[in-house]
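For reference, the structure is listed below as structure tokens.
Note that ligands are numbered from 1 as they come in the structure, with each ligand's atoms numbered from 1 the same way.
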Amino acid sequence: MIALKSLLTTNSKFKGVDILLTSQWPKGVWQYGNNLEGIDTKSCGSISVSHLAFALKPRYHFAALEGANYERLPYRNHVILQENAQHVSRFIALANLSNSSKKKYLYAFNIMPLCAMDPTELVKQPLDVTESPYMKMMKEFQKTNTEETATVSGENQFFFDLSKKAGKKRSSEGGRPSPHQSKQPRTIPQPTGPCWFCLASPEVEKHLVISIGTHCYIALAKGSLTPDHVLILPIGHHQSVVELPSEVIEEVQKYKLALKKFYKSIGKRFVMFERNYRSQHLQLQVVPVPIQSCTTEDIKEAFIVQAEEQRMELLEIPEHSDLKQIIQPGSAYFYVELDSGEKLLHRIKKHFPLQFGREVLASEAVLNMPDKANWRECKYSREDEEEFAKVFRNGFQPYDFSLLD
Ligand SMILES: [Zn+2]
């Protein structure tokens with residue numbers, strides 16, 4: 001297997017293989033993927049097969065042995081923003097032939113060999129593409145590689161162990177610890193029930209998705225105030241901005257900047273708000289307001305006035321301060337961020353009007369569309385939503401960093 005791997009991957013023209021068949025599952029293939037049920041992920045899979053799949057980049061990887069059917073969301077074979085786009089891989093596990101529980105054991109498909117495909121067609125990224133399940137694992141492996149894999153709890157470990165050579169090489173590099181060495185591999189938190197916003201969850205309405213980055217994505221808001229009202233969402237399950245890991249925050253910032261530029265180009269001002277109250281998955285609501293109709297001060301004023309009316313205290317937070325230092329993780333809050341970077345924060349005590357942010361923006365003082373204050377009243381047909389998303393995607397494209405590879 002090592003010979004096969006090095007033979008293929010030392011060839012610079014090597015792009016990948018069309019089909020890979022293995023008996024065992026690759027270890028960790030479920031990471032960043034759709035939910036996997038009925039499999040014990042601790043004992044399932046072989047890390048050697050993960051290495052193989054990572055190196056060979058199969059367009060289709062079929063595996064058996066576990067008696068389960070699992071069709072993982074397609075995953076990327078490149079690092080976004082750093083490497084040229086490559087084709088995606090699909091992992092498909094099939095159950096045993098004619099199994100009594102009628103799980104899928106047959107998979108029919110058409111495939112054009114990659115050597116015959118148009119390169120741009122080949123690297124097209126489907127909307128539901130995820131991070132590679134192996135990339136991080138391989139990096140960790142290289143960093144911490146010791147004799148470990150030789151003993152990787154060996155059940156079904158039929159393959160020769162890859163680790164020794166690399167292990168020796170690492171240790172000869174001297175004792176300089178890498179700054180990331182002590183970091184535990186981070187797994188994306190999983191929701192306890194179905195979630196409408198976890199990108200890998202079947203509940204997500206894919207036609208609303210506008211752009212997908214490495215840690216975050218943008219989707220059109222359901223029942224949007226305006227056709228260009230969107231949400232910035234973490235791909236994994238995180239509850240609020242103050243609980244986001246730093247790499248996710250960084251990408252949120254990138255999306256904010258890109259949206260600001262895009263809105264500016266169409267004569268609109270960026271306004272964003274978050275309500276961390278009765279919500280499981282962070283949604284940063286971004287609503288553009290025409291520059292002509294309101295100044296930043298007008299919008300700020302509208303929030304302050306309407307908060308006073310409801311006897312809610314809004315604290316002004318200066319532009320560069322970090323919410324994480326002001327709010328304890330786990331406590332409920334609402335904040336709005338204006339295009340100047342200023343924020344207005346309300347610490348939620350017991351009750352909070354769920355639609356507050358939306359109500360202020362829909363009010364006469366801002367967008368003047370009071371009939372749209374309640375999102376449940378704003379029902380659009382699927383065709384409308386598809387159209388809104390299409391128009392947005394086209395306009396946003398020049399600003400969308402996720403497409404720049
Ligand atoms: Zn979620």
For this session: Kindly determine whether Lys222 and Glu385 satisfy salt bridge (Lys or Arg N to Asp or Glu O under 4.0 Å), including the steps that lead there.
Result: CA-CA 8 Å; Lys222 193 82 185 158; Glu385 290 175 342; 2.9 Å; yes

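- The neighbour count for Lys206 NZ, taken as heavy atoms of other residues, nucleotides or ligands under 6.0 Å away, is above 12.
- In this structure, Glu131 contributes its side chain and Tyr75 its backbone to no donor-acceptor pair below 3.5 Å.
- Excluding waters, the set of protein N/O/S atoms under 2.8 Å from the Zn ion (ligand 1) reads Cys195 SG, Cys198 SG, His237 ND1, His281 ND1.
- Checked options Lys343, Glu342, Glu337; the residue passing with Ser340 is Glu342 (criterion: side-chain hydrogen bond (donor to acceptor under 3.5 Å, both in side chains)).
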For this session: Might you work through the salt bridge (Lys or Arg N to Asp or Glu O under 4.0 Å) test for Lys254 and Glu250, ending with a clear yes or no?
Result: CA-CA 6 Å; Lys254 275 165 85 177; Glu250 271 167 37; over 6 Å; no

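- Remark: side-chain polar atoms of Arg269 are not paired, donor with acceptor, to backbone N or O of Leu338 under 3.5 angstrom.
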